[in-house]
Every structure is written in C-alpha cells, then in structure tokens.
Amino acid sequence: MSASAPPRKRAALTPPGEREAETSRNTALRINGARLQQRIAQLAEIGAIDGGGCARLALTDADRAGRDQVCDWMRELGLAVTVDAIGNVVGVRAGRQSGAAVMTGSHIDTVRTGGRFDGNYGVLAGLEVIATLNDAGIVTEHPLAVAFFTNEEGARFAPDMMGSLVYTGALPLGEALATRGIDGTTVGEELQRIAYAGPAPVPAAAPRAFIELHVEQGPVLDREGTQIGVVESVQGISWTEIEILGTSNHAGTTPMALRRDAGWVAGAIIHFVRELAQEVGGNQVATVGRIEFFPNLVNVVPNRAVLTVDLRNTDEARLQMAEARLAAHLDALRDAEKVDIATRSLARFAPVPFAAQMCDRIEHHARTQGLSTRRMPSGAGHDAQMLAAVCPTAMIFVPSVDGVSHNVREHTHPEHVEAGANVLLAVLCELAGATPPAGALA
Ligand code: GLV
Ligand code: MN
Ligand code: MN
C-alpha cells in the first residue's frame, strides 16, 4: 500500500477555564449501562459463533447485517447518517453551531474468531452517549458524530484501518477499492455487493476532535486492577506477506540434500521471528498468523508456501531493526534451500503519539468520576491512529479480562463497560460544549 501523509488540520479546543465550568455541570450525567449492554448483546447475535464471540469479517453478509442494525439505531436516535465511498458510516447529531463535529467511534467488523467488544464497544458506547444526551435534552455547541470505519481489522483485506486511512486521505480510494482479499474478491466488488459504497466524498473534512473508546485487548489494566487506560500512543505495525517457491517432489524418494522445500523454509521463518522478538527486546512482538502450503498433501514436498509476519514495536528504530533482520534471514534461507522468496508489504504504520491535551482531559474526567487511571501505549492498531493525523485525538481503554482478545473469550466486566462509557460521555460533553437545560444535570 502507499500511504502519503494526509493534510494536518488541527482545530483549537475549548480553553481550560470554560472547560472546568462545563465539566462540573456535567458530572452528574451518567449513561445507562443496561441499555449499552443490551445493544452490545444484540449486535453480537449477528455473526454469532460458539463461545459467545462474533465472525463478521469486513464486507461479508454478516458485516452488512451488523451495519444495517447500527444504522437503524443511529436513525432511531435522530442522527443524520451518511455513508462514504469506502463504506464508512457517520451519524451526526446537530449542535447549536454548524461546522466540524466532535467525533467518536471505532469499527464493527471483527476477525473470524472475534469477541463482542473489540470495536463494537466504542461504536455502541458512542450511541449510548447520544441516547443519554437526548434523554437529558442537552444540546451541544458543536455537532457530535458517531462513526464506524470500514475494515479496521484487515483480516480479510489488508491493510487494517482501511476505512480511516481513506477517510483521512492517507490511502487513495482507488487503491483501497482495488485491494484483493484472502478469498480473491476485491473491496470495491464487496462494497457494491453489500450496498455500502455510499455517496459521501473521501477524504472527508477533519472532525473537530476524535476520541475512541476501546477494550485494552491486553493484560495490563486487568492485572493491576486499574479501571481506565489513558492511551498516549499506538505502537508501530509492520505486516509482510512472504511467498516461498521451491519444488514439489516425492516425500519418500527425495533425499534431504536435494530438496527445495518451501514448507521447511516457512517453518524456519516461524521459528526465527520468535527468536527475533526476544533478541530485539523491549516490547517487540512478532507473529506468523496465516500460512498456506501447496499442494498441502501428506506425501508431497511443498513447492509453495505463503505466510504472513506481523511485527510491532512502540519504538520505530527497533521496528526497523527487526524488519532488517528478517530480510537478512530470508536472504540466508534463500541461499540455504535454493528457493525463491518474494515479499509484499501488507501494512506499515509508524508509532503514533496522541494529543497531550486530549489525554489530560480523559485523565481529568476519569479521576473526577473516582476512577483509577494509568497512561499507556496501545498494542493493537486502531482507527484513532489515522484520525490523529488530522485532528486532536486520543483513546480511552477499559480492562480486558485476562488480556484476551481476537478470541471468543474476550470479555470486559459490565462495571468497566459502564465506567468507560461515562468517561467518554464527560469528555465528549466538554469537547462539544454541552449546555444542559436548567436542572437536567443536578
Ligand atoms: C487490529 O485489531 C490489529 O491491531 O491487528
Ligand atoms: Mn478494534
Ligand atoms: Mn481487532
């Protein structure tokens, strides 16, 4: 993929003095936790899989059904819903002023073995904030928007965060639409097929600010019993597809020294990246998550193997070092086994810092609500890292039980689900300038 730098437009936020006044007026306002849980459960029924999880790969029929449900909820809440040319959906609640909206949101596509919280929580918490403001009769100064972005997961079509990349202008629409997925279809064909290639233009105008609420998907908050993560950055991501071409031959008759075994080379790469992560150290992680052998038969030396490597690090220099070491190892394997090896970059994102003043506001509101906080980087990729290039952005994390995610066992306790949404409510009220009718927030 090519990702040119998007235009950087940064809107000014409300001055601190006015902020404090708004904040104290908004402290008594709370979301309805039961209503939020109900929507999370209802959305999880679409594409439900054994164990309580979801399979709604981007642009599948299940994704379409999930989209339809969330769009219905948006309209029921009075939001003006638009769909853009890459299928991102934005629901806007008008403010006293027109102009850029304060935006929240995330994604509703899942990996094939996903949980019910990843992405969905942030979108549905955004709707819960809207419902809460509607119930209280609160009008904000600036419009509020809830968005869900297309193909955040990247599990079917790479790169991940595709919708938010196109939204912010970092990935050309044509390139995104032409992307071929793991099942041979293209993004453009599948968007048309599920009727989510909309008329709204991309790149879109930058929001006034963006804040994404998400489950942590890692063990840090759960282990130390902290309620809210103030996410200051997202680590760098490097995805590479590696294709190895050897020679297929008889498994019983071909002497080991005469083999050009694509399968063995694939195995050597898997072994190597684990060692690589340990050697590079720090918080380097490395994963081979997808692999295919050809012809994939018990008694045939594989002539072709395709696998993916996912490398991540919060430190760009270390991430580049890991990439260089992997490339050198591929050269060594090419020589040792006399195979051909081709690589293709599926996604490459440098680490992204979030806006300090946004992090401060999250921390402030969480503490005002009596919640414990810790500042932390995100190990997972998120749409917020793309929005950060065009407007003040940050993220709120809540604990994931045992740090499990991309797994049907993914779970966040109801009190944490509710607490995160209440922090989101308070931050959005401040950023959008909430003006409560007399007595509504007492
Ligand atoms: C998205 O979920 C990613 O971080 O892979
Ligand atoms: Mn996610
Ligand atoms: Mn995910």
Side-chain angles (χ1 to χ4, degrees), residues 1 40 43-44 47 49 53-58 62-63 66 70 88 104-126 146-165 181-182 210-219 229 231 233-241 283-290 308-314 319 345-352 376-388 393 395-400 403-412 417 420 424:
M1 58 153 302
I40 291 171
L43 186 53
I49 53 177
C54 292
R56 291 200 309 272
L57 283 175
D63 184 25
V70 176
N88 298 317
T104 189
S106 191
H107 62 98
I108 62 165
D109 67 311
T110 74
V111 295
R112 209 195 300 277
T113 55
R116 57 178 54 193
F117 295 95
D118 180 356
N120 302 294
Y121 169 47
V123 177
L124 299 181
V146 181
F148 60 88
F149 295 97
T150 294
N151 184 33
E152 188 272 352
E153 293 290 3
R156 185 179 181 206
F157 302 100
D160 50 349
M161 283 78 76
M162 182 180 279
S164 45
L165 278 166
I182 54 174
F210 183 77
I211 180 146
E212 181 170 355
L213 171 63
H214 207 283
V215 291
E216 182 201 332
Q217 308 181 271
V231 186
S233 61
V234 180
Q235 70 178 342
I237 302 175
S238 168
W239 284 1
T240 306
E241 185 179 77
N283 53 14
Q284 179 67 46
V285 288
T287 308
V288 173
R290 176 159 68 80
T308 55
V309 175
D310 174 324
L311 301 174
R312 306 194 193 200
N313 203 315
T314 48
L319 185 56
S345 175
L346 298 179
R348 181 64 169 89
F349 307 117
V352 173
M376 61 193 300
S378 169
H382 296 289
D383 294 307
Q385 77 195 76
M386 303 312 160
L387 271 294
T393 296
M395 293 186 70
I396 306 165
F397 273 178
V398 294
S400 293
V404 173
S405 187
H406 286 186
N407 181 319
V408 296
R409 287 200 300 114
E410 176 187 84
H411 185 65
T412 292
V417 167
L424 179 70

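Indexing begins at 1, ligand by ligand and atom by atom, following the structure's order. Just so it is clear, the model here is predicted, and its values are computed rather than measured.
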Checklist outcome for this item: Note: ligand 1 atoms sitting under 4.0 Å from heavy atoms of Ala380 are 4 (O)

Checklist entry - What about Gly381: any of its N or O atoms under 3.5 Å from an N or O on ligand 1? => result yes

Checklist entry - Checking only N/O/S atoms, does His214 have one that is under 2.8 Å from the Mn ion (ligand 2)? => result yes

Checklist entry - Where the Mn ion (ligand 3) is the corner point, what angle links NE2 of His406 with OE2 of Glu153, to 10°? => result 110°

Item to check | Centroid-centroid distance, Phe117 to His411, less than 6.0 Å | outcome: yes

Item to check | Sub-4.5 Å side-chain heavy-atom contact between His107 and Asn151 | outcome: no

Next on the checklist: Side chains of Met386 and Phe149, heavy atoms from C-beta outward: is any pair under 4.5 Å?
Outcome noted: no

Next on the checklist: Just so I know, are the side chains of Arg348 and Leu319 near enough to count as touching, which here means a heavy-atom distance under 4.5 Å?
Outcome noted: yes

Item to check | Numbered atoms and elements of ligand 1 in range of His406, under 4.0 angstrom, heavy atoms | outcome: 2 (O)

Next on the checklist: Under a 3.5 Å cutoff, is there a donor and acceptor pairing between the side chains of Ser164 and Asp383?
Outcome noted: yes

Item to check | Glu152 backbone or side-chain N/O/S under 2.8 Å from the Mn ion (ligand 3) | outcome: no

Checklist entry - Taking just the N, O or S atoms of Asp118, which one is nearest to the Mn ion (ligand 2)? => result OD1

Checklist entry - Any idea which heavy atoms bring Ser405 and Asp118 closest together, and the distance? => result OG-OD2, 4.2 Å

Checklist outcome for this item: Residue, atom and distance of the protein heavy atom nearest atom 2 (O) of ligand 1 read Glu153 OE1, 2.9 Å

Item to check | Beyond-backbone contact of His214 with Phe397, side-chain heavy atoms, under 4.5 angstrom | outcome: yes

Next on the checklist: Please determine whether His107 has a backbone or side-chain N, O or S atom lying under 2.8 Å from the Mn ion (ligand 3).
Outcome noted: no

Next on the checklist: Given His382, Arg312, Gln385, identify the one with the heavy atom nearest to atom 3 (C) of ligand 1.
Outcome noted: Arg312

